Amino acid sequence: MLLGVNIDHVATLRNARGGCEPDPVAAAAVCEENGANSITAHLREDRRHIKDEDILALSQTLKTSLNLEMAINSEIREIALKVKPKSICLVPERRQEITTEGGLDAAGKFDEITEFVRPLVDTGILVSLFIDPDIKQVRAAVNTGAQFIELHTGAYSEAFGTGEEENEFQKLKMAAMLGQSLGLKVNAGHGLNYQNVCRMHEINGLVELNIGHSIISRAVFTGLGNAVKDMAGLVNGV
Ligand code: PXP
């Protein structure tokens with residue numbers, strides 16, 4: 001499996017003081033040097049962490065590739081069409097949320113998503129839909145034109161080590177199998193850490209895991225390079 005490192009939290013820390021440190025673009029370079037296969041950054045409508053200039057700089061300096069997270073928002077789509085990241089992950093966005101909470105409602109917003117995705121796919125950008133591991137959502141995602149889904153691992157991560165873990169894990173496994181059988185490539189992410197990530201190897205064919213919070217948290221103690229190296233070892237290993 002590949003490891004995508006989400007660097008939003010580095011930008012959150014920078015913005016807390018309003019200056020330029022720590023620089024998320026420099027952090028991305030450290031992540032790449034230590035085993036990240038791609039870098040994820042979420043350009044939110046309210047620009048609370050990553051800013052437009054970060055996206056531009058990342059697109060010019062990354063040696064791997066940029067995965068741009070964004071909501072269904074035409075202004076952000078214009079930026080994406082200019083910057084042309086390798087991939088985009090569409091997520092729901094609510095102003096009050098602390099982080100992305102639920103998955104995208106691909107079934108309920110099928111027409112809107114299909115329309116939104118078309119120019120991105122036509123430009124050659126790979127599009128992924130961040131959805132809950134729910135059969136209805138997987139089936140809907142197939143026909144939107146998106147080539148990937150990213151399964152929301154938040155419920156599994158919260159249930160890890162409790163009586164609910166197996167149930168949440170099986171939902172992920174079933175959704176991944178269904179997506180793959182319908183021709184989608186399947187990624188996963190949200191809430192994954194150095195313990196719960198290991199079970200992702202029990203799901204056949206996952207392409208990439210996108211992980212942010214646990215890596216940046218560990219970096220406070222071990223340094224970013226070591227934190228990425230440790231996670232890359234767990235994700236890339238068999
Ligand atoms: N994938 C998606 C679509 C996300 O929105 C996020 C959080 O920004 C992540 C992965 C990473 O989640 P975490 O920071 O909990 O590792």
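Atoms within a ligand are numbered from 1 in the order they appear, just like the ligands themselves. Everything quoted here is computed from the prediction, not taken from an experiment.
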Between His42 and ligand 1, which residue portion shows a heavy-atom distance shorter than 4.0 Å: side chain, backbone, both, or neither? neither
Identify whether the distance between the nearest side-chain nitrogen and carboxylate oxygen of [X] and [Y] falls below 4.0 Å.
X     : Y     : value
Arg48 : Asp46 : yes
Glu53 : Arg14 : no
Asp52 : Arg47 : yes

Backbone or side chain, does any N or O of [X] fall under 3.5 Å from an N or O of ligand 1?
X      : result
Gly191 : yes
Ser214 : no
Gly212 : yes
Asn210 : no

On the ring face of Tyr156, is Arg199 found with NZ or CZ under 6.0 Å from the centre and within 45° of the axis?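 No cation-pi geometry.
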For His213, counting its heavy atoms only, list the atoms of ligand 1 lying under 4.0 Å from any of them.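 Near His213, the atoms of ligand 1 are 13 (P), 14 (O), 16 (O).
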Sub-4.0 Å atoms of ligand 1 with respect to non-hydrogen atoms of Val91: 3 (C)
Taking the ring of His49 and the ring of His9, is the distance between their centroids below 6.0 Å? no
Any idea which of His152, Glu150, His190, His9 brings a heavy atom closest to atom 1 (N) of ligand 1?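 Shortest heavy-atom distance from atom 1 (N) of ligand 1: Glu150.
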Check: Gly4 main-chain N/O paired with Thr40 side-chain donor or acceptor under 3.5 Å: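 Checking the backbone N and O of Gly4 against the side chain of Thr40, no donor-acceptor pair under 3.5 Å is found.
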